[in-house]
Number of protein chains: 4
Amino acid sequence: MATKTAPDASRRSERSRRAIYDAALALIGEVGYARTTIEGIAARAGVGKQTIYRWWSSKAEVLLEAFVDLGERNMAAAAEASGVDPAEARALPDTGDLAADLKNVLRATVDELNDPGFEIPYRALAAEGIIDRDLSARVVEQLLEPGLQLYVARLRAAQETGELRADLDPRIALELFLSPIAQRWLQGTGELSHAYADTLVEYALGGLAPR
Amino acid sequence: MATKTAPDASRRSERSRRAIYDAALALIGEVGYARTTIEGIAARAGVGKQTIYRWWSSKAEVLLEAFVDLGERNMAAAAEASGVDPAEARALPDTGDLAADLKNVLRATVDELNDPGFEIPYRALAAEGIIDRDLSARVVEQLLEPGLQLYVARLRAAQETGELRADLDPRIALELFLSPIAQRWLQGTGELSHAYADTLVEYALGGLAPR
Amino acid sequence: MATKTAPDASRRSERSRRAIYDAALALIGEVGYARTTIEGIAARAGVGKQTIYRWWSSKAEVLLEAFVDLGERNMAAAAEASGVDPAEARALPDTGDLAADLKNVLRATVDELNDPGFEIPYRALAAEGIIDRDLSARVVEQLLEPGLQLYVARLRAAQETGELRADLDPRIALELFLSPIAQRWLQGTGELSHAYADTLVEYALGGLAPR
Amino acid sequence: MATKTAPDASRRSERSRRAIYDAALALIGEVGYARTTIEGIAARAGVGKQTIYRWWSSKAEVLLEAFVDLGERNMAAAAEASGVDPAEARALPDTGDLAADLKNVLRATVDELNDPGFEIPYRALAAEGIIDRDLSARVVEQLLEPGLQLYVARLRAAQETGELRADLDPRIALELFLSPIAQRWLQGTGELSHAYADTLVEYALGGLAPR
DNA sequence: GCTTAACCGAGACGGTACGTCCAGTCTTCCA
DNA sequence: TGGAAGACTGGACGTACCGTCTCGGTTAAGC
């Protein structure tokens with residue numbers, strides 16, 4: 001039962017990998033995901049098509065890895081610039097005022113989602129993930145989950161200080177203000193503004209029923 | 001300088017339209033959206049390719065219309081069976097207990113989303129809509145908006161009875177419990193159960209902060 | 001047992017066929033048979049690859065047909081120019097002197113075989129035919145056989161006038177002087193000159209044994 | 001400015017060479033020449049591709065050498081078995097009856113050409129040789145010429161005994177009966193039987209013209 | 001009632017990209 | 001340093017669809 005003999009990763013060309021990531025992101029930005037082709041990426045990267053097929057199984061996988069790689073490089077660069085420990089740098093602020101902290105972070109998220117450079121590849125990934133469950137799982141795990149964990153940590157801290165009901169499931173709680181933003185961004189069902197983010201935090205923390 | 005002389009809709013073949021809808025939905029169910037082709041739909045429907053290109057501009061448009069058509073027929077059938085006025089049949093229940101009513105409807109929504117027959121084409125449409133803003137707008141308008149209006153109406157009623165804070169924007173308020181469900185379904189970030197729906201209603205109505 | 005539904009020859013594009021023949025012959029002349037590709041022919045002819053695959057099953061088939069077509073056009077042109085009935089124009093001369101007539105024709109054959117324009121595609125066809133028996137049969141039938149029949153006719157006439165032994169099988173007899181020429185041309189085992197052609201005729205007619 | 005530094009033949013691996021010959025002949029027999037690849041030969045021989053490229057410049061060269069090697073081994077084995085001096089063992093029989101001797105040898109040749117094991121690689125070589133003049137020269141020189149010399153010798157002997165016209169060029173004379181056989185085999189223009197061989201000898205020796 | 005314009009099924013066409021296969025080169029590690 | 005292994009660039013393969021374009025045939029309006 002020979003499984004096509006997997007390639008030897010230790011001999012992989014780093015130079016080609018980089019070139020493929022760069023070409024993929026560039027092309028997606030220029031012509032969009034649907035019109036970006038494996039052939040085009042290979043040509044732009046100065047690489048044989050087989051080199052792509054050898055290491056990735058689909059266009060979406062290339063994009064995912066390129067995206068993860070980009071994130072890692074950005075993060076490393078940011079950490080270097082600020083001189084702060086990367087792990088800590090990512091943590092959500094904790095000023096003791098949960099509402100203010102959440103609004104701050106959500107406003108930044110909204111800004112990021114509205115950034116065109118970020119938008120095209122991320123949308124493509126999201127679209128592909130909706131149909132390809134495997135890919136979706138990897139996107140969630142590698143791109144989303146780390147961010148969600150930061151929210152969970154902040155919410156738990158708030159539960160300990162009594163700012164938040166102690167019996168809440170933080171995973172579900174954070175969906176009240178995060179999912180609406182994701183939804184609007186994905187489906188374009190409404191504008192994404194700072195005011196909207198603020199409103200969500202208020203509605204979610206205060207509840208919809210009168211007190 | 002004639003603009004391509006639009007086809008004469010009055011002479012359109014109803015039989016072909018039906019066959020194309022049926023073929024499209026069947027193929028998408030059988031092989032998935034990506035592997036469904038215009039050519040395949042035409043062959044399956046016993047129709048010339050040009051007949052599709054004449055009336056629709058993309059695969060996604062065909063699917064959208066097929067889907068809308070399917071919904072209309074289902075609804076008509078349901079109305080016929082129940083003997084109730086269709087307009088009224090769709091309205092959300094109003095027992096005076098908002099929480100209970102919302103839970104009821106959300107549970108039904110969760111069940112529908114978990115129905116495999118519904119899932120594949122709807123996912124395809126959602127995925128395509130993420131990239132194609134025009135399509136997305138039509139999906140929202142034709143498939144989603146009518147449902148959302150029912151929620152808005154119910155929430156407004158609750159504001160009048162004092163069950164809900166009067167200063168709320170109902171469009172945003174309903175996102176607190178609807179978006180998390182949409183999100184989980186689209187991205188597979190968590191299970192979709194009745195219990196989850198109930199929890200969302202409780203968190204949203206009661207708020208996350210302690211009273 | 002549906003056999004892929006053969007294409008409808010009546011709707012075939014004459015313009016494409018011509019362009020493909022021309023491109024094929026041009027490319028083979030320019031870069032040789034081995035480096036001529038279907039893709040290259042299609043590009044040069046301004047034709048989709050599928051149009052080639054639809055009507056021919058291999059590069060060799062294209063070449064064969066292009067070659068036959070070329071022959072037919074040449075012949076038609078020659079007939080037109082000379083104003084003679086084409087059927088007659090091709091017949092071998094019959095001056096009553098068999099040896100002289102054969103030498104004349106063989107010398108012309110030798111000249112033709114030494115013509116570079118003719119050589120490359122014909123060699124390619126011969127080479128392919130050696131391995132592909134089907135192709136070989138078609139080459140023999142469409143390109144060689146008509147010519148051989150002319151020899152057979154001339155030899156039969158000679159048998160009737162007593163210039164040739166009456167008990168000979170003309171098909172075998174003509175091989176004595178034609179095959180050596182073919183052989184030398186194919187395998188390059190010796191020069192192809194008028195003198196050589198003359199010698200063959202003399203040896204074959206007179207026999208190798210002393211009288 | 002070193003010219004690519006030719007490999008040091010003295011350090012060449014005999015084991016690899018053998019394995020490559022065996023693999024090449026086996027593959028050509030199994031899948032035919034066109035579908036035999038350098039990569040396939042290397043894999044089958046358990047050899048690196050570079051080892052083939054180092055010592056041969058083309059697939060045809062490998063086959064030619066493998067074929068020559070096979071012939072040499074067969075001949076050595078035959079000589080060993082018969083216990084006769086190899087040089088003599090190959091000479092054409094000379095019973096004093098030229099026609100009978102030639103018929104004998106040609107019949108054996110016909111049988112050999114009809115042997116399927118011999119046919120496939122030899123045909124491949126012939127086909128390649130038609131296009132590749134260099135290869136053709138080597139095939140003629142290494143595989144054909146030795147055999148032809150034996151005929152030349154026999155014909156010269158016949159000239160001395162008066163069985164053959166003294167003024168003949170034996171190289172051309174032998175083509176009268178050998179080329180038709182080669183031709184029929186290569187192009188499949190007719191059957192290759194003992195009777196055909198006999199007829200050729202008779203026609204060639206007696207001549208086509210009546211006495 | 002007879003033309004005539006349009007839709008229709010069918011499918012050939014010029015193209016683009018697919019995913020695979022090999023050529024021939026280059027690099028690494030082993031004996 | 002020859003050889004086994006195999007990753008690399010490059011390019012052709014044969015296939016699948018794209019969206020456009022004829023080609024008869026059928027069908028419904030308008031004369």
Side-chain angles (χ1 to χ4, degrees), chain A residues 5-13 15-16 19 35-43 45-55 57-59, chain B residues 5 7-13 15-16 19 35-43 45-55 57-59, chain C residues 5-13 15-16 19 34-43 45-55 57-59, chain D residues 5 7-13 15-17 19 35-43 45-55 57-59:
Chain A
T5 54
D8 178 350
S10 72
R11 299 187 49 189
R12 185 167 181 182
S13 161
R15 147 192 259 287
S16 293
R35 300 233 298 282
T36 294
T37 64
I38 299 269
E39 217 154 61
I41 295 172
V47 136
K49 275 204 286 181
Q50 202 56 46
T51 299
I52 298 185
Y53 285 110
R54 184 156 31 233
W55 301 110
S57 59
S58 70
K59 186 168 61 158
Chain B
T5 54
D8 177 351
S10 72
R11 302 192 50 183
R12 183 168 182 181
S13 161
R15 150 193 253 286
S16 293
R35 301 232 298 283
T36 294
T37 63
I38 300 270
E39 223 157 56
I41 295 172
V47 135
K49 279 202 286 179
Q50 201 56 249
T51 300
I52 297 184
Y53 284 109
R54 186 157 28 230
W55 303 109
S57 61
S58 71
K59 186 168 60 159
Chain C
T5 55
D8 178 349
S10 73
R11 300 186 49 191
R12 185 167 180 180
S13 161
R15 149 193 258 287
S16 294
R35 302 233 298 283
T36 294
T37 64
I38 300 268
E39 217 154 61
I41 295 172
V47 137
K49 276 204 285 182
Q50 202 57 44
T51 299
I52 298 184
Y53 285 110
R54 185 153 33 228
W55 302 109
S57 60
S58 69
K59 187 169 57 158
Chain D
T5 54
D8 177 351
S10 72
R11 301 193 49 185
R12 183 167 182 182
S13 160
R15 153 191 250 286
S16 293
R17 174 157 54 185
R35 300 231 299 282
T36 294
T37 63
I38 299 270
E39 221 156 60
I41 295 172
V47 135
K49 279 205 285 180
Q50 202 56 251
T51 300
I52 297 184
Y53 284 109
R54 190 161 19 236
W55 302 109
S57 60
S58 70
K59 187 169 59 158

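Residue numbers start from 1 in every chain, and the chains themselves are labelled A, B, ... in the order their sequence lines are given, proteins ahead of strands. What you are looking at is a predicted structure, and each value in this text was computed from that prediction instead of being measured.
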Please identify each residue that fulfils side chain to side chain donor-acceptor pair (under 3.5 Å) with [X], with sequence neighbours left out.
X       : value
A/Ser58 : none
C/Thr37 : none
B/Thr51 : none
C/Glu39 : C/Lys49

Could you state the atom-to-atom distance from CD1 of A/Ile52 to P of F/dA7 in whole Å?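 Those two atoms, CD1 and P, are 16 Å apart.
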Who pairs with A/Ser57 by side-chain contact (heavy atoms from CB on, under 4.5 Å), at least two apart in sequence or on another chain?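 So A/Ser57 forms a side-chain contact (heavy atoms from CB on, under 4.5 Å) with A/Glu61.
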Detail all sub-3.5 Å separations between protein N/O atoms and N/O atoms belonging to nucleotides 12-18 of chain E.
unit_1 : atom_1 : unit_2  : atom_2 : d
E/dA12 : OP1    : C/Asp8  : N      : 2.9
E/dC13 : OP1    : C/Ser13 : N      : 2.8
E/dC13 : OP2    : C/Arg54 : NE     : 3.0
E/dC13 : OP2    : C/Arg54 : NH2    : 3.3
E/dC13 : OP2    : C/Trp55 : NE1    : 2.8
E/dG14 : OP1    : C/Ser16 : OG     : 2.8
E/dG14 : OP2    : C/Gly48 : N      : 3.3
E/dG14 : OP2    : C/Thr51 : OG1    : 2.8
E/dC18 : OP1    : A/Ile38 : N      : 2.9
E/dC18 : OP2    : A/Ile38 : N      : 3.3
E/dC18 : OP2    : A/Glu39 : N      : 2.9

